[in-house]
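Notes to accompany the following structure.
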Amino acid sequence: MAKWTPKHEAPEPLEGPVVATITGGTIVWFVLFLAQLPFYGSLSEHGHAWWVWTCLAGGGLGLIGVWYVRRRDAAIKRDAARRAAVTAE
């Protein structure tokens, strides 16, 4: 079997509203957590209590993700400003 090799360069990654996307996803996880809380007893009886805790974990990890992408976005903007200042000199 021959090794597969690409015939062209990989495209540049797409940049979009990353902070808004991660924030929206985090909000969805927390809303799902809150929506399931009234049904915790029933979910627990049927062995599905982990659904509630999965949503809480998703929301918690989403908060870390929001922190991360905000810092990343700020670093990208700082680098772009630094490059523009160097180019202007």
**Message:** Using side-chain contact (heavy atoms from CB on, under 4.5 Å), reason through Tyr40 and Trp53 one step at a time and then give a plain yes or no.
**Reply:** CA-CA 10 Å; Tyr40 183 76; Trp53 305 119; 3.6 Å; yes
**Message:** Could you measure the distance from the NE2 atom of His48 to the OG1 atom of Thr54? Nearest 0.5 Å is fine.
**Reply:** 12.0 Å
**Message:** If I compare all heavy atoms of Leu63 with all of Thr26, which pair ends up nearest, and what's the gap?
**Reply:** N-CG2, 3.9 Å
**Request:** Grab the two heavy atoms, one from Ser44 and one from Ala49, that are nearest each other, plus how far apart they are.
**Result:** CA-CB, 4.0 Å
**Prompt:** Any link between Ile64 and Val66 through a network of hydrophobic side chains (Ile, Leu, Val, Met, Phe, Trp, Tyr) touching at under 4.5 Å?
**Reply:** no
**Prompt:** Which atom pair, heavy atoms only, marks the closest approach of Leu32 to Cys55?
**Reply:** CB-SG, 3.7 Å
**Request:** Begin with the C-alpha distance, continue with both residues' side-chain angles, and end with the deciding distance and a verdict on salt bridge (charged side-chain N to carboxylate O under 4.0 Å, His left out) for Arg72 and Glu15.
**Result:** CA-CA 12 Å; Arg72 177 184 175 270; Glu15 289 293 331; 3.1 Å; yes
**Message:** With a sphere of 6.0 Å drawn around CZ of Arg71, does it hold more than 12 non-hydrogen atoms of other residues, nucleotides or ligands?
**Reply:** no
**Item:** Nearest heavy atoms of Val19 and Arg70, plus distance in Å
**Value:** CG1-CG, 3.8 Å
**Asked** Is it the case that one hydrophobic cluster holds both Ile27 and Phe33, taking links as side-chain heavy atoms less than 4.5 Å apart, direct or via other members?
**Response** no
**Request:** Group every Ile, Leu, Val, Met, Phe, Trp and Tyr by side-chain heavy-atom contacts under 4.5 Å, then state whether Val28 and Leu34 land in the same group.
**Result:** no
**Complete:** Tightest non-hydrogen contact, residues Leu56 and Phe30, listed as CD1-CE2, 4.1 Å
**Prompt:** What are the two closest non-hydrogen atoms of Trp29 and Gly59, and how far apart are they?
**Reply:** CB-N, 3.5 Å
**Message:** For Val18 and Thr21: C-alpha separation, side-chain torsions, deciding distance, then whether side-chain contact (heavy atoms from CB on, under 4.5 Å) applies.
**Reply:** CA-CA 5 Å; Val18 180; Thr21 302; 5.7 Å; no
